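Have a look at the structure below before the remarks.
Keep in mind the model is a prediction, meaning the values are calculated, not measured. So you know, we letter chains A, B, ... as the sequences are listed, proteins then strands, and number each from 1.
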Amino acid sequence: MSKKLPKRSEDYSAWYNETVKRAGLAENSPVRGCMVIKPYGFAIWEKMQRALDDMFKATGHENAYFPLFVPKSFLEKEEEHAEGFAKECAVVTHYRLKADPDGQGLIVDPEAKLEEELIIRPTSETVIWNSYKNWIQSWRDLPVLINQWANVVRWEMRTRLFLRTAEFLWQEGHTAHATEQEAIEETEQMLGVYADFVENWMAVPVIQGLKSPAERFAGAVETYCIEALMQDGKALQAGTSHFLGQNFAKSFDVQFVNRENELTYPWATSWGVSTRMMGALVMAHSDDSGLVLPPKLAPIQVVVVPIYRQPEDLAKINEKVQPIVENLRSLGVSVKIDDDDKYKPGYKFAEYELKGVPIRLGIGMRDLENGTIEIARRDNLTKETLPIEGIEDKIVKLLDEIQDAIYNKALTFREDNTFVVDTWDEFKDQIEKGGFVMAHWDGSAETEDKIKKETKATIRCIPLNSMEMAGECVYSGNESAKRVVFARAY
RNA sequence: CGGGGCGUAGCACAGCCUGGCAGUGCGCACGGUUUGGGACCGUGAGGUCGCAAGUUCGAAUCUUGCCGCCCCGACCA
């Protein structure tokens with residue numbers, strides 16, 4: 001096995017796969033399209049979960065859990081929803097195996113056929129709204145603000161670790177409100193929560209926007225999204241928040257009595273982010289030496305590598321390092337001391353770079369004599385030797401600095417790779433080169449579809465915070481009210 | 001589902017064309033020397049050559065069938 005990763009500039013996709021595997025985030029599983037999330041990868045996911053869960057709770061949501069299996073009849077109830085998901089559903093038809101009478105092993109017992117097939121949830125709107133029927137009777141029962149952390153299955157034809165897997169982990173929020181206005185506010189609020197998380201924790205800048213009707217969630221009235229740009233110039237949808245109108249309430253016959261004593265349908269939202277964000281995290285920041293993790297999500301923020309020849313030297317180093325580690329821990333910094341004797345320092349340096357640990361401290365006998373310590377930054381691969389006195393404060397500040405630096409680097413990259421384009425030739429050329437392409441669109445599904453067929457570019461979103469400025473559609477020349485974001489996407 | 005490729009040690013692969021002892025590198029185990037940017041030497045363990053049938057004195061190698069995986073396309077609310 002080669003020690004070096006493939007280079008991003010030579011083969012981005014091989015670089016991504018190798019980085020994910022070699023950094024110990026995940027590996028392929030024996031089941032096609034599924035993955036094993038390894039401890040280091042899961043530790044990052046747990047930090048994401050923790051931060052998001054706190055944000056959900058702070059906005060008044062509670063966690064609950066609904067079943068993995070969805071009766072097929074539930075999925076059928078909302079027509080568009082059913083149609084949208086039908087092609088990628090795993091279906092349970094039997095509930096028992098038996099010994100193969102003609103040979104070895106087990107076969108599906110034909111006697112044990114389910115009367116109604118069960119779908120393994122691709123999302124949970126239907127099971128949840130079936131429950132909401134019983135939960136919601138009066139305006140006093142609203143709003144219902146529920147989130148669940150769960151796994152879902154979507155039978156994708158082509159999969160890639162984290163970015164698109166047949167089974168993935170996510171959270172799905174499902175809320176019900178008395179008024180349309182309140183539901184729209186919730187949809188927008190949660191989009192804001194996602195944007196806040198992705199920018200301030202993952203250090204990935206995003207564009208908030210609306211999906212075009214063609215890209216909308218099946219069964220939604222409006223889909224909001226956050227879109228991020230990866231280092232290879234392709235876009236990645238990092239999260240979605242849907243205003244579902246009264247579609248599911250009507251399909252599941254959920255009604256409540258409002259303050260005016262009228263029977264009426266509640267308004268719904270749903271919103272989710274998934275382990276796909278792990279892929280975004282890797283592709284947004286990492287380099288040819290491996291992962292680059294933002295300090296706020298790094299399982300290990302600081303690693304200490306003692307450099308020594310004799311066990312006595314290690315003891316002396318530990319004596320000096322131990323109080324620093326304790327101070328850092330009391331300041332909430334996660335620190336690992338790697339005094340494992342099986343590997344040499346050079347190996348460890350490379351290993352922690354691969355794993356994206358933001359700060360590495362090196363300390364040897366020379367430092368003990370000089371009262372110094374070597375501090376190395378993962379994000380820009382620089383290192384300097386500093387006095388050991390007061391190093392804790394420096395480290396705490398540096399972690400914040402690194403968080404900001406990573407964000408700013410990604411932001412600069414996005415700005416340098418966002419292009420305003422007005423002609424079809426320029427458009428085709430720029431899409432080929434990559435990046436976000438801001439262009440006028442006439443708002444029609446035909447134009448959108450033709451552009452997609454000719455260039456493989458899709459409308460990533462119609463940005464929320466951009467000015468209306470009339471223009472001509474880059475493809476059809478028809479009138480357009482504002483520019484939208486085009487890109488090739490994951 | 002169409003086109004292409006690949007199944008040999010934990011991993012990456014050579015050997016196959018031209019049939020004749022199952023190989024290399026990494027990793028792993030043990031011993032020693034090493035330790036400020038992926039150390040080195042020595043010894044050793046590890047195999048249903050995807051599965052099945054056929055040809056042959058003899059098959060990883062040739063033939064046929066099957067299975068699995070990967071890449072490209074179709075698909076991805």
Please list, chain by chain and in numerical order, all residues satisfying side chain to side chain contact (heavy atoms under 4.5 Å, CB included) with A/Ala183, sequence neighbours excluded.
A/His177, A/Phe243, A/Trp267, A/Thr269
Looking for any heavy atom pair under 4.0 Å, which part of the strands does A/Glu88 touch: base, sugar-phosphate only, or nothing?
base
Expressed in whole Å, how much space separates the [atom1] atoms belonging to [N] and [M]?
{"N": "B/C30", "M": "B/G15", "atom1": "P", "result": "34 Å"}
{"N": "B/C69", "M": "B/A12", "atom1": "C1'", "result": "16 Å"}
{"N": "B/C28", "M": "B/G20", "atom1": "C1'", "result": "32 Å"}
{"N": "B/A29", "M": "B/A14", "atom1": "C1'", "result": "25 Å"}
{"N": "B/A39", "M": "B/C76", "atom1": "P", "result": "49 Å"}
{"N": "B/A60", "M": "B/A9", "atom1": "P", "result": "14 Å"}
{"N": "B/C62", "M": "B/A74", "atom1": "P", "result": "35 Å"}
{"N": "B/G23", "M": "B/C6", "atom1": "P", "result": "24 Å"}

Atom [atom1] of [X] and atom [atom2] of [N]: how far apart are they, to the nearest Å?
{"X": "A/Lys453", "N": "B/G73", "atom1": "NZ", "atom2": "P", "answer": "16 Å"}
{"X": "A/Glu156", "N": "B/A74", "atom1": "CD", "atom2": "P", "answer": "15 Å"}
{"X": "A/Glu215", "N": "B/C76", "atom1": "CD", "atom2": "P", "answer": "10 Å"}
{"X": "A/Asn28", "N": "B/G68", "atom1": "CG", "atom2": "C1'", "answer": "14 Å"}
{"X": "A/Lys456", "N": "B/C75", "atom1": "NZ", "atom2": "P", "answer": "11 Å"}
{"X": "A/Glu18", "N": "B/C11", "atom1": "CD", "atom2": "P", "answer": "14 Å"}
{"X": "A/Arg160", "N": "B/C75", "atom1": "CZ", "atom2": "C1'", "answer": "17 Å"}

Under a 3.5 Å limit for both distances, which nucleotide forms a Watson-Crick or G-U wobble pair with [N], could you say?
{"N": "B/A14", "value": "none"}
{"N": "B/C30", "value": "B/G42"}
{"N": "B/C6", "value": "B/G68"}
{"N": "B/G47", "value": "none"}
{"N": "B/A74", "value": "none"}
{"N": "B/G54", "value": "B/C62"}

For A/Arg488, is there an ion pair with A/Glu432 - N to carboxylate O distance below 4.0 angstrom?
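Yes, this pair counts.
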Going by an N to O cut-off under 4.0 Å, is there a salt bridge joining A/Lys7 and A/Asp11?
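So A/Lys7 does not pair with A/Asp11 through a salt bridge.
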Restricting to pairs with a member in residues 282-295 of chain A, which pass salt bridge (charged side-chain N to carboxylate O under 4.0 Å, His left out), not counting sequence neighbours?
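Sorted result for residues 282-295 of chain A: A/Arg8-A/Asp288, A/Asp287-A/Arg378.
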Is the A/Phe66 to A/Trp129 ring centre distance short of 6.0 Å?
no
A/Phe217 and A/His81: aromatic ring centres closer than 6.0 Å?
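Yes, the ring of A/Phe217 comes within the 6.0 Å limit of the ring of A/His81, centre to centre.
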Determine, for nucleotides 30-46 of chain B in 5'-to-3' order, which nucleotides have protein heavy atoms under 4.0 Å from the base (write B), from only the sugar-phosphate (write S), or from neither (write -).
-----BBBBB-------
Would A/Lys234 and A/Tyr490 count as a cation-pi pair here, with the cationic atom under 6.0 angstrom from the ring centre and within 45° of the axis?
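Yes; both conditions hold, so A/Lys234 lies above the ring face of A/Tyr490.
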Salt bridge (Lys or Arg N to Asp or Glu O under 4.0 Å) for A/Arg216 and A/Glu222? Distances and angles first, verdict last.
CA-CA 7 Å; A/Arg216 210 175 267 158; A/Glu222 200 72 86; 3.4 Å; yes
